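Data block below; observations after.
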Amino acid sequence: MRPVRSAILAVGAAALVVGCGGTPATSVAVTLRDVAIEPVPAEVSAGPVRFTVQNAGAAVHELEVFRVPPGVDGNALPLDDHVADTEALEIVDEVEEIAPSTGATLSATLPSGTYVLICNIAGHYEAGMHSTFTVH
């Protein structure tokens with residue numbers, strides 16, 4: 001009878017840990033280069049996501065995470081004075097002023113959908129600093 005009781009207690013404890021702590025965040029490494037944003041992986045499951053951002057470029061960059069509605073291409077946004085017009089998108093969060101050779105983190109709970117990661121400092125988006133990110 002003792003092994004069964006131990007098993008029941010172990011299952012109960014595991015349920016308590018999951019219930020209190022929630023789902024652990026999926027880690028995504030994002031490298032900012034002077035003409036690119038590279039998320040690895042580029043597809044994750046819905047839920048908590050932790051972006052670990054590293055600026056490998058020579059300029060100051062930022063990371064903005066936007067949810068993209070159907071019918072909009074986050075990699076072909078219109079420009080307004082060399083900045084992407086993001087009015088049609090839903091902002092999730094952002095980290096600004098990431099100096100060269102430094103990093104930052106950004107955490108968000110993401111539902112299924114299509115997202116775009118961009119650096120929207122003047123001229124950076126149009127130079128190629130954007131990447132589609134998919135959440136299943």
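Note that the structure is predicted; figures quoted are calculated from it, not measured. Just so you know, these numbers use all the heavy atoms, side chains as well, and skip hydrogens, waters and symmetry mates.
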Arg67 and Pro111: which non-hydrogen atoms are nearest, and at how many Å? NH1-CG, 3.2 Å

Could you report the tightest heavy-atom contact between Gly57 and Asp34, atom names first, then the distance? CA-OD1, 3.3 Å

Is Glu38 atom CD crowded by more than 12 heavy atoms from other residues, nucleotides or ligands, each under 6.0 Å away? yes

To the nearest 0.5 Å, atom CD1 of Ile118 lies from atom OG1 of Thr132 at 11.5 Å

Starting from Leu79, can I reach Phe66 by hopping between I/L/V/M/F/W/Y residues whose side chains sit under 4.5 Å apart? yes

Donor-acceptor check, side chain of Arg33 to backbone of Ala58, threshold 3.5 angstrom: yes or no? no

What's the shortest heavy-atom distance between Ser27 and Pro41, and which atoms? O-CD, 3.7 Å

Qualifying ring pair (Phe, Tyr, Trp, His ring centres under 6.0 Å) pairs with a residue from residues 82-124, counting only residues at least two apart or across chains: His61-His124

Looking at Asp73, I want to see if its CG is surrounded by more than 12 non-hydrogen atoms of other residues, nucleotides or ligands under 6.0 Å. yes

Taking all heavy atoms of Ala56 and all of Thr31, pick out the closest pair and write down the distance. CB-CG2, 3.8 Å

List the atom of Pro69, the atom of Leu89, and the distance in Å for their closest heavy-atom pair. CD-CD2, 3.8 Å

Sequence neighbours left out, what passes ring-ring contact (aromatic ring centres under 6.0 Å, His included) with Tyr125? Give chain and number order. His130

Identified side-chain contact (heavy atoms from CB on, under 4.5 Å) partner of Ile37 from the options Val116, Val30, Val53: Val30

Hey, does Val49 have a side-chain heavy atom less than 4.5 Å from the side chain of Ser107? no

Partner set under ring-ring contact (aromatic ring centres under 6.0 Å, His included) for Phe133, not counting sequence neighbours: Phe51

Please report the interatomic distance CD(Glu62) to CG(Asn55), rounded to the nearest 0.5 Å. 11.5 Å

Interatomic distance, Ile91 atom CD1 to Glu87 atom CD [nearest 0.5 angstrom]: 13.0 Å

Mind listing the closest non-hydrogen atom pair of Gly74 and Val68 along with its distance? N-CG1, 4.1 Å

Could you see if Val92 belongs to whatever hydrophobic cluster contains Val28? Use Ile, Leu, Val, Met, Phe, Trp, Tyr and a side-chain cutoff under 4.5 Å. yes

For the CG atom of Asp93 and the CG atom of Leu106, what is their distance to the nearest 0.5 Å? 4.5 Å

Enter the distance from Leu63:CG to Met129:CE here, rounded to the nearest 0.5 Å. 8.5 Å

Any side-chain donor paired with an acceptor under 3.5 Å for Asn120 and Thr86? no

Answer with yes or no whether the hydrophobic clustering places Val44 together with Val65; edges join I, L, V, M, F, W, Y residues whose side-chain heavy atoms lie under 4.5 Å apart. yes

So OG1 of Thr105 and CD of Gln54: to nearest 0.5 Å the spacing works out to 12.0 Å

